[in-house]
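This report concerns only the one structure given below.
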Amino acid sequence: MNSPKKHLSKSLREQEIINAADYILTTVGVRDFTVDKVIGHLGVAKGTIYKYYKSKDDVLAEVSVKGLTILLNHFKESVQKEKDQMDGLNSLVMAFYKYYLKYPKYFELFTHMERPEFQSEMRNYLKISLEIKNYFTDYLIQCQSAGLIKKDLDPSYCTYMIWGSCMGLMNFVDAKKVFIKEIVKLGQEDLLKLYAEILIGGLKV
């Protein structure tokens, strides 16, 4: 348990809470994450948390900002390594998988936040989410402008389709790997590479 710091400014107190919440999340995972554990780690009164955040979902939404920022940087770095735009698109899809391997607790958080009952309107979370969506969509628009993918495809719809199907496939692999021996035999990365090939092949002119 950390010693509580008194007389912090609003912004510093919020950062202290989110740092503690991030520690709890990356230690125990989203399923076992509770505000009480954050309170215990900080050594503050329960009312301190709820003075700044209305709910557990609001706290998690703010924690996700760090995870989503790392994901956005993963996307940008993966594209910069490729000279060919379609290779870059393939790298974008595979960057999501590599992120999933490196930051499993953040991936669990994203999955949790995809649930319809998750409720939060925290601005930082909405801002970084939109930034990621726009980055991916803008890249698809660039590919369209270069005549590499079909002109009649809506880039925004394609972005949501890629995001949703990536999430779905990785959740499937994670949930079923104990029961499906073939996944272990073939390898998760080979499965994702085939998925990326089929997906991008459907976008090509």
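Computed over heavy atoms, backbone and side chain alike; hydrogens, waters and symmetry mates excluded.
- Of the possible donor and acceptor atoms, none in the side chain of Lys81 sits under 3.5 Å from a partner among the backbone N and O of Ser91.
- A salt bridge links Lys46 with Asp36; the closest basic N to acidic carboxylate O contact falls under 4.0 Å.
- Between Ile49 and Leu42 there is a side-chain heavy-atom pair separated by less than 4.5 Å.
- Remark: the backbone N or O of Tyr53 is not paired with any side-chain donor or acceptor of Asp58 at under 3.5 angstrom.
- Residue Glu108 comes nearest to Gly29 through the heavy atom pair OE1-CA, 3.8 Å, listed as atom of the first residue, atom of the second, then distance.
- Heavy atoms from other residues, nucleotides or ligands lying under 6.0 Å from CZ of Phe118 number more than 12.
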- Apply side-chain contact (heavy atoms from CB on, under 4.5 Å) to Lys204 and Lys150, showing your working. CA-CA 6 Å; Lys204 288 181 180 179; Lys150 298 171 185 175; over 6 Å; no
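- Of all heavy-atom pairs between Val38 and Ile17, the closest is CG1-O, 4.0 Å.
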Does the pair Leu89 and Leu203 meet the rule for a side-chain contact (heavy atoms from CB on, under 4.5 Å), with working shown? CA-CA 10 Å; Leu89 184 56; Leu203 301 175; 4.0 Å; yes
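- Note that CG of Leu60 is 5.5 Å distant from CG of Leu109, once rounded to the nearest 0.5 Å.
- Of the inter-residue distances, the one linking Ile162 atom CD1 with Leu140 atom CG reads 5.0 Å to the nearest 0.5 angstrom.
- The OG1 atom of Thr48 sits 9.0 Å away from atom CD of Glu16, with the distance rounded to the nearest 0.5 Å.
- Residues Tyr160 and Leu153 do not share a hydrophobic cluster, defined by chaining ILVMFWY side chains whose heavy atoms lie under 4.5 Å apart.
- Atom OH of Tyr50 sits in a crowded spot, with more than 12 heavy atoms from other residues, nucleotides or ligands closer than 6.0 Å.
- The number of heavy atoms from other shown groups lying within 6.0 Å of CZ (Arg115) is above 12.
- Note on Leu72 and Ile141: separate hydrophobic clusters, where clusters join Ile, Leu, Val, Met, Phe, Trp and Tyr whose side-chain heavy atoms are under 4.5 Å apart, directly or indirectly.
- Cluster annotation: Leu126 and Tyr52 are assigned to the same hydrophobic cluster (Ile/Leu/Val/Met/Phe/Trp/Tyr, side-chain heavy-atom contacts under 4.5 Å, transitive).
- From Leu92, atom CG reaches atom CD of Glu77 across 12.0 Å, with rounding to the nearest 0.5 Å.
- Other residues, nucleotides and ligands contribute over 12 non-hydrogen atoms within 6.0 Å of the NZ atom of Lys133.
- Within the 3.5 Å criterion, the main-chain N or O of Ile18 finds no donor-acceptor partner in the side chain of Lys66.
- Atom CZ of Phe110 is separated from atom OG of Ser129 by 8.5 Å, given to the nearest 0.5 angstrom.
- For Lys193 (side chain) and Met94 (main-chain N/O), no donor-acceptor pair under 3.5 Å exists by modelled atom type.
- If you check the side chains of Gln15 and Asn19, you find a donor sitting under 3.5 Å from an acceptor.
- Interatomic distance, SG of Cys158 versus CG of Leu199, reported as 8.5 Å (0.5 Å rounding).
- A side-chain N or O of Ser165 and one of Tyr195 form a donor-acceptor pair less than 3.5 Å apart.
- Under the 3.5 Å distance criterion, the side-chain polar atoms of Tyr106 are left unmatched by any main-chain donor or acceptor of Leu68.
- By the 30° and 60° cut-offs, the orientation of the rings of His74 relative to Tyr103 is perpendicular.
- The shortest non-hydrogen separation linking Tyr139 to Gly88 is OH-CA, 3.4 Å.
- Counting heavy atoms of neighbouring residues, nucleotides and ligands inside a 6.0 Å radius, atom CD of Glu197 does not exceed 12 of them.
- Aromatic rings from Tyr99 and Phe107 are positioned such that their centres are separated by 6.0 Å or more.
- In this structure, Glu14 pairs ionically with Lys10, as a charged nitrogen and a carboxylate oxygen lie closer than 4.0 Å.
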Could you please spell out the steps behind the side-chain contact (heavy atoms from CB on, under 4.5 Å) verdict for His112 and Asp57? CA-CA 10 Å; His112 175 78; Asp57 284 353; 4.2 Å; yes
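- Within 6.0 Å of OH on Tyr23 lie no more than 12 heavy atoms contributed by other residues, nucleotides or ligands.
- Under a cut-off of 6.0 angstrom, the local environment of NZ in Lys151 is crowded, with over 12 non-hydrogen atoms contributed by other residues, nucleotides or ligands.
- No side-chain donor-acceptor contact under 3.5 Å links Tyr100 and Asn171.
- Leu194 and Met86 fall into different hydrophobic clusters, where Ile, Leu, Val, Met, Phe, Trp and Tyr residues are linked whenever their side-chain heavy atoms come under 4.5 Å apart, directly or through other members.
- The two atoms that bring Ile128 and Tyr125 nearest to each other are CG2-O, 3.3 Å, heavy atoms only.
- Taking 4.5 Å as the limit, every side-chain heavy atom of Val65 sits out of range of all side-chain heavy atoms of Met122.
- A donor-acceptor pair under 3.5 Å links the side-chain atoms of Ser64 to the main chain of Ala61, judged by distance alone.
- A continuous path of Ile, Leu, Val, Met, Phe, Trp and Tyr side chains, each step under 4.5 Å between heavy atoms, connects Tyr135 with Ile70, placing both in one hydrophobic cluster.
- When every heavy atom of Arg13 is checked against every heavy atom of Val44, the shortest pair comes out as NH1-CG1, 4.3 Å.
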- prompt: Run the side-chain contact (heavy atoms from CB on, under 4.5 Å) check on Lys56 and Val59 step by step: do they pass?
  reply: CA-CA 5 Å; Lys56 170 184 170 180; Val59 175; 5.7 Å; no
